[in-house]
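Accompanying notes for the structure given below.
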Amino acid sequence: MDIQEESSTTLGPLTAMSSRNMSSSSSAFFSANQSPFFSPRSSSCQLSESLQPDAPSCRIHLDAAAPSTSSAIPEPKSLANVGCTFSEVAASPAGCNAGDLQNLDCISSSVGISSCTVSGYCRPYEDGYSGQKEKRSKKGRNKRTSSIPGSRSISSYRLKSCDVYIGLHGRKPPLIRFANWLRVELEIQGISCFVSDRAGYRNSCKLGIAEKAMDVASFGIVIITRKSLKSPYTIEELQFFSGKKNLVPIYFDLSPADCLVRDIIEKRGELWDKNGGELWLLYGGLEQEWKDAVHGLSRVEEWKLEAHDGNWRDCILRAVTLLAMKLGRRSVAEHLTKWRKKVKEEELPFTRNENFIGRKKELSQLEFMLFGDVTGDSRHDYIDLKARPKRRHLTIGRSKCNLLEERHMGNGSKEEKTSVLWKESEKEIEMQSIEFSHRHYRSRLKRGGTYTGRKRGMKILYGKGIACVSGDSGIGKTELILEFAYRFHQRYKMVLWIGGESRYIRQNYLNLRSFLEVDVSVENSLEKTRIKGFEEQEEAAVSGIRKELMRSIPYLVIIDNLESEKDWWDHKLVMDLLPRFGGETHVIISTCLPRVLNLEPLKLSYLSGVEAMSLMLGRDKEYPVAEVDALRTIEEKLGRLTFGLAVVSGILSELPITPSRLLDTINRMPLKDMSWSGKEAHSFRQNNFLLQLFDVCFSIFDHADGPRSLATRMVLVSGWFAPCAIPVSLLALAAQKMPEKQKGTCFWRKLLKSLTCGLTSSHTKKTELEASSLLVRFNIARSSTKQGHIHFNEIIKLYARKREVTGSAQATVQAVISQGSISESIEHLWAACFLLFAFGHNPAAVELEVSELLYLVKKVVLPLAIHTFITYSRCTAALELLHLCTNALEAADQAFVTPVDKWFDKSLCWRSIQTNAQLNPCLWQELALCRATVLETRGKLMLRCAQFNIGDDLIRKAVFIRTSICGEDHPDTISARETLSKLTRLIANVQIRAST
């Protein structure tokens, strides 16, 4: 009876863990490199209900249930309600070609585990098969195969090889997620797979194909769970592969020591109390066969793979590596080893916070929102949420470009492609087409209760793979997400961390290319018949990353500190960067915005009083009641801000000072006059005590390290760097370029000397490493996983910018120009350019001398623009940078020749009025030639984006400048003329094609 119940529910629940597109590596369950029928790299296919006359192909029709899926990509309707007519394959072999036959197993269900005849999860007891027939004992695989209906078709099924057979039993989402991930990971490495849960097959036709795959498989993976040992099919697979000496058992939430025959039969221990017993009786099998199969697990010495909740990634990658070595594919194993090393070093931006306190409920909520379930100890911490019923055709409105892209990927009918908006009633979340009127929405709300007068957003979604965390700056959003990432990173192939600041989010997103191994560079399309424009190339780069995230491989994408729902450069929705919700890839967004993507966020509140006290006190400190009261006062004055409490904790742990004395020192600290404006300054306008706390810290640093404190200067220049990890050497160089700070008053020097007597001797200069370590210990900065880098909280960076210390921005730009590199600090190079050029409506914050500007253009601007354009396909950003650089060079040139209207037409040798150009002709000529180089570079990049007329004009200007200064025979002039000739030919060809 247990077996019947276990196998009677199959496709519907399994499809809850959905894969939203059928990518090149996740389309085939059963494929082989040597076979003309199957390929592990076969492309996505679509199953039509009838054969097309102009494209004859072999189709295998099957009866797949119509699941109630949670996927945002609906299952293609062509997969539903068609009969199994396997004999059609053998009936007309001449009408099939190898390309068409690759589609045989491309048809995947929304779980990514095929619903087709080859490896499908189908309802049992189909086509006249009853439960009693499924229970019959297995008396020989060959005999049973030869007697099944459609054996003629199976014999003509030219299955030559299969690298790995994966057998499993069960329908729980974690098991399906694990098996799906394992399958796709193997296929990505070119290892053909066949995945089967034979207990769910409804006819012998499918069982026959699965058994054929077992026969030809080089290795057989059997996933062992608590309930799989009561399945006759799992026992048969264990026996078969043990006999062939190619069994690879993977213990799922088990260990080899748990699978002892005596313990299982006698129901020893909590593990087997419910799932143990004489399991062979459940399906009418033989006792000795069952015992031999389970005993065979202990004889497999080489493979000891255990998949627990905390090691999925390691287990899968180890399995793929070992199988690749056994199959003679050493290059695969070496590639995975290098990739794992890279991920280990660069996956997460911050080291784990060992002093993380509280947030148990929030962590459980995040788990529930992403997975739809809570596992482990979190079950005891979280009991007040219930998963919502899964709904089909779930799409949250996104831009037209992505809708067109998703339609092109073949995701269903017109009804399934309709963009929808979420509406909320009192009882449930409802979905409504955007064509419905707002009046209809108002009437629904009025029937459900009192209308609030405004549209309300979607409630929190559970099990959809998307979560949004909202809260004030400094409340602990990043810490919460970081802790979640460290706790659950093994459930994902990789955690992809993206900084959400509006100017940098596109670059941060495209930086994922190195981890995902996706080429997003601009195509060398000059030789092609059609050249893509700016938008097409940028969309193609984003689409490459997005498609990789939409495969059946689980990734965790974290967008930290999202500033706006729209990109700063082109005002496109950030949602266009994300994969569809409801699939294997999960997304977490942290933001200060009240709502993002029309989602109701998880609003992060303050720590409880006990947790806040624990954070400030640390682990081993105890204070009398009066001091505890002082801590509570500090907590209230800080607005219970988590970041402020962490700074207090750093001070108390590093200095021999009591909380009451610290409170008195902060109150007596004079408040600096600073102008606050904008939403980001809300925390400071309402919290002067936090500013005084910062000033106390910096005064302590200044006293401990002398009047020119390197630590304080590093903080003050940090505000002008990009919002990412900063190299300590670069930060220290910028700090050293700042002007010296004047000594403080005598009173404050005496007071702070008494406070810092236990920190260090006065006027002892610190090295850059010591200074950065001091900042980390005081929780002003935090350490990065990158060696020699530290990261500053956005509150600190905003404070540093608002202090407006003379020379801090200038020092930052000079340091970045002199020491920054594209490979190590591309974000900081962009930050320097934002300070130097008037991007958008922001004025330039730093001005350079002409000689410095020339050095900047040659060493920073030109390499940065070309690298951004070619490597990342960020055409708009690169060309905007060159355009603003051209304007800056023209302004500098105009200043050189202000008394001269047109210096090309007038002789400067006989003028009585001197100009900068006359006084320094070499610098003047170098400036003009630099401008010509920038113009030529812009023209060449315009060529790559089919902007021929603009490119022609720019290159003609460059040729004119070089001819005037260097002459017609100079190599640079000749090179520019050749570029102009090529452009002229391209324009002529375009005009000819347009006329024809």
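All residue numbers in this chain count up from 1 along the given sequence.
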- prompt: Which residues satisfy the salt bridge (Lys or Arg N to Asp or Glu O under 4.0 Å) test with Arg782, sequence neighbours excluded?
  reply: Glu479

- prompt: Residues in ring pair (Phe, Tyr, Trp, His ring centres under 6.0 Å) with His489, at least two apart?
  reply: none

query: Counting only heavy atoms not in Tyr606, do more than 12 fall under 6.0 Å of its OH?
result: no

- prompt: Excluding sequence neighbours, so at least two apart, what forms ring pair (Phe, Tyr, Trp, His ring centres under 6.0 Å) with Trp720?
  reply: none

field: Between Arg874 and Gln507, a side-chain donor and acceptor under 3.5 Å
entry: yes

task: Identify, with sequence neighbours excluded, every residue that meets salt bridge (Lys or Arg N to Asp or Glu O under 4.0 Å) alongside Asp629.
output: none

Any side-chain donor near an acceptor of the partner, Tyr555 and His586, under 3.5 Å: no

Sidechain N-carboxylate O distance under 4.0 Å for Asp567, Arg503: no

- line: Exactly one candidate in Ile651, Leu652, Thr658 meets side-chain contact (heavy atoms from CB on, under 4.5 Å) with Leu655; the answer is Ile651

task: Please report the C-alpha distance between Thr785 and Thr351 in whole Å, then the side-chain angles of each, then the deciding distance to 0.1 Å, and finally whether the side chain to side chain donor-acceptor pair (under 3.5 Å) criterion is met.
output: CA-CA 5 Å; Thr785 51; Thr351 57; over 6 Å; no

query: With a 3.5 Å cut-off and no angle check, do the side chains of Arg777 and Ser773 form a donor-acceptor pair?
result: yes

message: Looking at Ser502, is its backbone amide N or carbonyl O close enough to the side chain of Trp569 to form a donor-acceptor pair, meaning the two atoms are under 3.5 Å apart?
response: no

query: Quick one: is the NZ or CZ of Lys344 closer than 6.0 Å to the six-membered ring centre of Trp339, and within 45° of its axis?
result: no

- prompt: For residues Thr591 and Ser470, is any side-chain donor paired with an opposing acceptor at under 3.5 Å?
  reply: no

query: In terms of side-chain geometry, is the basic nitrogen of Glu636 or Arg632 positioned less than 4.0 Å from the acidic oxygen of its partner?
result: no

field: Partners passing salt bridge (Lys or Arg N to Asp or Glu O under 4.0 Å) against Glu347 (at least two apart in sequence or in another chain)
entry: Arg313

query: Does the distance from a Lys or Arg side-chain N to an Asp or Glu carboxylate O, for Asp560 and Lys477, drop under 4.0 Å?
result: no

Any donor-acceptor N or O pair under 3.5 Å, side chains Ser608, Glu611: yes

message: I'd like to check Glu362 versus Leu604 (side-chain heavy atoms, cut-off strictly below 4.5 Å). Are they in contact?
response: yes

N/O donor to acceptor pairs below 3.5 angstrom from side-chain atoms of residues 827-848, sequence neighbours left out:
unit_1, atom_1, unit_2, atom_2, d
Glu827, OE2, Asn511, ND2, 3.2
His828, ND1, Ala722, N, 3.2
His828, NE2, Ala725, O, 3.0

- prompt: Side chains of Glu794 and Asn561: is there a donor and an acceptor less than 3.5 Å apart?
  reply: no

